[in-house]
Structures are given as structure tokens and as C-alpha cells.
Amino acid sequence: MESAAVTVDSVADKLKKQSLGNDGSNSKRMLKLEELNWDHSFVRELPADPRTDTIPREVLHACYTKMLPSVEVENPQLVVWSESVAELLELDPKEFERPDFPLLFSGASPLVGAVPYAQNYGGHQFGMWAGQLGDGRAITLGEVLNSKSERWELQLKGAGKTPYSRFADGLAVLRSSIREFLCSEAMHSLGIPTTRALCLVMTGKDVSRDMFYDGNPKDEPGAIVCRVAESFLRFGSYQLHAFRGKEDLEIVRTLADYTIRHHFPHLENMSKSESISFSTGEEDDSVVDLTSNKYAAWAVEVAERTASTIARWQGVGFTHGVMNTDNMSVLGLTIDYGPFGFLDAFDPSFTPNTTDLPGRRYCFANQPDIGLWNVAQFATTLSTAQLLNDKEANYAMERYGIKFMDDYQAIMTKKLGLVKYNKHMIGELLKNMAVDKVDYTNFFRLLSNIKADPTIPDNQLLIPLKAALLDIGQERKEAWTSWVKSYIQELSTSGVSDDERKASMNSVNPKYILRNYLCQSAIDAAEQEDFGEIRRLLKVMQRPFDEQPGMEKYARLPPAWAYRPGVGMLSCSS
């Protein structure tokens, strides 16, 4: 019997290796840094700034400025890295052990094959047009093509001044860099489209920051994150040229053509098809034919990708905090992790951004509407450049609304383990959660323990949820009991077994999310040059839906110290 088991194991192991594109003997070769296959389509195909200095200025008629990193370092250290991002680049993980790795990924030493630049873009900030913004502290190294011809842009955030830095120093601190690194990777593991992070390097130099805007700046360790994405193009990348008008309108078209060619190639040369012609539902019964205008088809896809990503944010309780149009990815990725936060207690008006506190424009509940507002600005940009007509622009916005509702309803239906969407039941649940400030993540994880048994006595109905329903009085207990009874009634008609439903719910309701206090613990340790906690936290967040025995402390509610000023509440520019 033992030899049979060995055979089964070896066959399973062989199959696993094959599925990874590695049969043991003929494996795909992992690359050294010098062997990366660089391409520079952005630099090659788009208009450049003729100047390469860092003097702050309006950069006209250009999509980027060539720019070398200028950050100063002193014995830089590699703090943490992502092997799964290295895999995308087909980079050998042994490269992280190179003594010169921290120098290369701080920008202090040039990377062979890179052609660094800073991107030019504008944006609406808190609803107001802000003019030119651009990469004020991020410098793209270029694009790496892997063996599947996937294009990955590498960007160093905190690499020094650019013409877009305005009055800032172009640097980043360890605190915000750890948050960005961990959240990029945590969001990916939650199944949410996002930019990624390859590594985080501490520069060895201090950076002065006034964290509370109270006139008391303090020195903090400097750091640089290497961000990775198919592209860092934003809504604001197109807006800036449309707002400038005249000959810059042609740049909007050039940039749109570039984006479609490299990132939406399926929209080139579409054949006429009824399946992508749509009635606008207006009285004249006119039809929007997306096959006759690739820009209209593109606008619709950008709108739908944006809607889908924001629906997923709502599903896991993620609040971005700064949904300005310069922070909206044209690929529908979550981008620019600044003052983000995951919900602890369910509070629809939660915002993690101190700058947003007066109006709460970017609070959790507003995110879907802000997404639509941003898509409307993007559609207006394309209309200004005469790439869309009004009907096509309106249709893109309509598709945003439909896609958001479809995806959000599907997500919430799965979170509750229902067979079909039940608006009243989900609405009542969220209302109860808001009243009692129930922990969003832990509640949904516990909900899968409810049995679909209508004979359970009333006084036992809340037992599976007791860890989430803390300090509630008799009146609230009755409200919850009533909801759970109707929930069980709904479940009992579904024909799905308790075990099957629990497994399904646990695959969409994470046990572990990147709570602010967990980030803060990792930051506090890293500032003392103890990088163990950030690496442990990365490991836990890479498997958010698994039980991970022994790691339960990472699923706990925030401790009392987590509510002190400065933990999790950040401004846009931290």
C-alpha cells in the first residue's frame, strides 16, 4: 500500500509542476535583473518633454519627462519583497539576495535596460479641477515584457524630485511605503484588481514629515516601493490635454490610440456585430454601435472595469480615501494607496482621510457614486477631443450603473450564501450592522456558521454570531433574532447543505484583512529595523480566505490603542 501512495503522490507532484509550466527537467528559465526584456513603448510612441531637469513647471504638449531617480541613500536595506510579483516578471527570486539589489531598487544605481521617466497628468481633486499634477515622486523605469508578452511597468515611488513635484521633496517615508506595499499585495489576494508591489527598500536617510499638519514635523525613515502594473495611466492622463485644448486635443487621441493598442487590443478592428450594438432607450430609438467607434467601446469598457472594481471594494469593506480622477486607473485597477482603510465597525460614512473629514466626499458609502462622477469626467474628456458623441458618452455612464449593480448584487448574494439576490434582507442586515457598529469582516465570516434549521429556538439563534454582536441590549437582540429567523427561512428553501454553503461563503468572506492597527504594528517594528512582522503580515494576507491555524491574532478586532490619533487616519500627502 505504501508504494501505491508514493506513486500517487509523485504523480500529483508531477501534475502540479506541469500546471506551473515546470516539468522539473525542462523548466522555464528565471531571469537575472540584467536579462529582463525591457520595452519602452510609452517613451517611444508618445510625445516627450524636451527638457529633463527637475525644476517645477508646466510641462506642455508632452505625456512624460525623462528623469533619473535622484534620491540619496546610505546603506539602503531590502525590507520586504513579493515572490509572486517576481514570478510575473519571471525574475529569479535569488536576485533579491544580491548585495546591490537595494541600490538598484532605490534608484541609487541605474538598472540595465531602464529608461526612467515621470508621467504628466492632471485631475479633479475633491471635485475641483486642479490642473497639472503628474508623478511628483514616482519615476517609471520602463516596461518589462515576459515570455507570455505580458507588459509590466516598474515604477519607483519616492525616488526624488520631478518637474511635477511642485513644492514637495519627491520622497516617501517608511510608514506610507509599508502601507502601500502590504495593501497592494493584500488586495490582489482578495481578488481585487490592483497595482502590485515588487519590493520595499529603506533608503537609510531620514525624511521630514508633518504627519498631523500641526506645525511639528518630525524625521522619519525614508523608503521606496517598486510598484508594478500593466500601466499607470489614469483618467487624469487624458484630462490634462483635453483641458489645455487646441493642439493638445490631438494628444488625447494619440494617448487613447496608444492605450487601446497595448492594453485593449481586442477593441482594434472589431467586426460589425449585433451583440455590441445597443438601444439607448431614448424616444428616437437610436442605437449606439460600439463596433463603428473603438473609442466608444473603450469608454464603455473603462466604465465597466471601474464599476466592477468598486463593487469589489464595497464587498470587502475597503475605502480608498482619495478618489480624485488622477487616482483612477484607466485599466480599472486600485491605484495609489494613500489614506486607505478597511472598515472595522460597519459605518457607511467612514473615511480614513483627514482631509476628507469635513464633507466625507470619499466615504465608504459614496464610492460607487464618485466612481460614476469620475467616469463622467473621463467621458467628457473623450467628447471634448471629439472621440465620442453625447449618446456614446451617456451610454458609457449608463453601463457603469448597470455593471456596478450587477456585480454588487452578485457579491452580496454570495457573501450571505443566498441562491438569489434579496434586496430587503441585505438592506435590513446592513441597517442592523450600522446601528450596532458590527465588525464588517468578522460578522460575515461568522455568518457562515448559521445552520439552515427553522426549528432552532429563538434564544439560541444568535449563538453563532455572539463574537460579533457585542454589548447589545434586549431591544437590539430582538431585532437581530428577527433578522436571523428570516435569514434561516430563506436558507432552508435553497436546497444547499450547511457545509456546502459555509465553504462557499468562506471563499468570498475573508478571515484576514489588512486592518490599520496591523499595518501600524508592522511599521513600529520596521522603524526599529525589525522586518519580521511586515514579512509575517504579508504571508497572512496572501491567504485571506484560509483559516491559517496559529494566525488567529491577525483576525482580532482593533485594540484600544488603535484608536489613538495617527493610527490609520492619514492625509492625502503622507
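Worth knowing before you read on, the calculation uses all heavy atoms, side chains too, and leaves out hydrogens, waters and symmetry mates. The shown structure was predicted, so the numbers you read here are calculated from the model rather than taken from an experiment.
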Just by modelled atom types, is the V59 backbone N or O under 3.5 Å from a matching donor or acceptor in the Q132 side chain? yes
Can a donor-acceptor pair be found between the side chains of T140 and Q119 at a distance below 3.5 Å? no
Can any side-chain N or O of D326 pair as donor or acceptor with the backbone N or O of G236 at less than 3.5 Å? no
Side-chain donor/acceptor of R234 to backbone N/O of F232, under 3.5 Å: yes
Any carboxylate oxygen within less than 4.0 angstrom of a Lys/Arg side-chain nitrogen, looking at K403 and D407? yes
Donor-acceptor side-chain pairing of W313 and T334 below 3.5 angstrom: yes
Is there a donor-acceptor contact under 3.5 Å from the side chain of T54 to the main chain of T162? no
Would you check if the side chain of T309 reaches a backbone N or O of T306 as a donor-acceptor pair within less than 3.5 Å? no
All pairs passing ring pair (Phe, Tyr, Trp, His ring centres under 6.0 Å) where residues 62-90 contributes a residue, at least two apart: F42-Y64, Y64-Y117, W81-F96
Could you check whether E268 pairs with K294 (Lys NZ or Arg NE/NH1/NH2 to Asp/Glu carboxylate O, under 4.0 Å)? yes
Tell me if a side-chain donor or acceptor on R227 pairs with a main-chain N or O of Q155 at a distance below 3.5 Å. no
Taking all atoms of both residues into account, what is the closest heavy-atom pair of K511 and A555, and its distance? O-CB, 3.6 Å
Is it true that R98 and E34 have a side-chain N and a carboxylate O under 4.0 angstrom from each other? yes
To the nearest 0.5 Å, how far apart are CG in L514 and CG in L537? 5.5 Å
Salt bridge check: are R445 and E547 linked by an N-O gap of less than 4.0 Å? yes
Test item: side-chain donor near acceptor, E45 and H262, under 3.5 Å: yes
Of all heavy-atom pairs between F318 and C183, which one has the smallest distance, and what is that distance? CE1-SG, 4.0 Å
Interatomic distance, OH@Y512 vs CE@M551, rounded to 0.5 Å, equals 7.5 Å
A cation-pi test, strictly: NZ or CZ of R179 under 6.0 Å from the centre of the six-membered ring of F340 and no more than 45 degrees from its axis. Yes or no? yes
Side-chain touch V330/F378, heavy atoms, less than 4.5 angstrom: yes
What salt bridge (charged side-chain N to carboxylate O under 4.0 Å, His left out) pairs are there with at least one residue in residues 189-200, not counting sequence neighbours? E185-R196
Shortest non-hydrogen separation from I178 to A522 and the atoms involved: CD1-O, 4.3 Å
Mind checking whether Y400 and F404 have parallel, tilted or perpendicular rings, split at 30° and 60°? parallel
Would you find a donor on one side and an acceptor on the other, under 3.5 Å apart, between the side chain of N374 and the backbone of M323? yes
All heavy atoms of Y295 vs all of L387, minimum pair found to be CB-O, 3.5 Å
Distance-minimising heavy-atom pair for V201 and P102: CG1-O, 3.7 Å
T355 versus N353, side-chain donor and acceptor atoms under 3.5 Å: yes
Closest non-hydrogen atom pair between G341 and P352, with its separation: N-CG, 3.6 Å
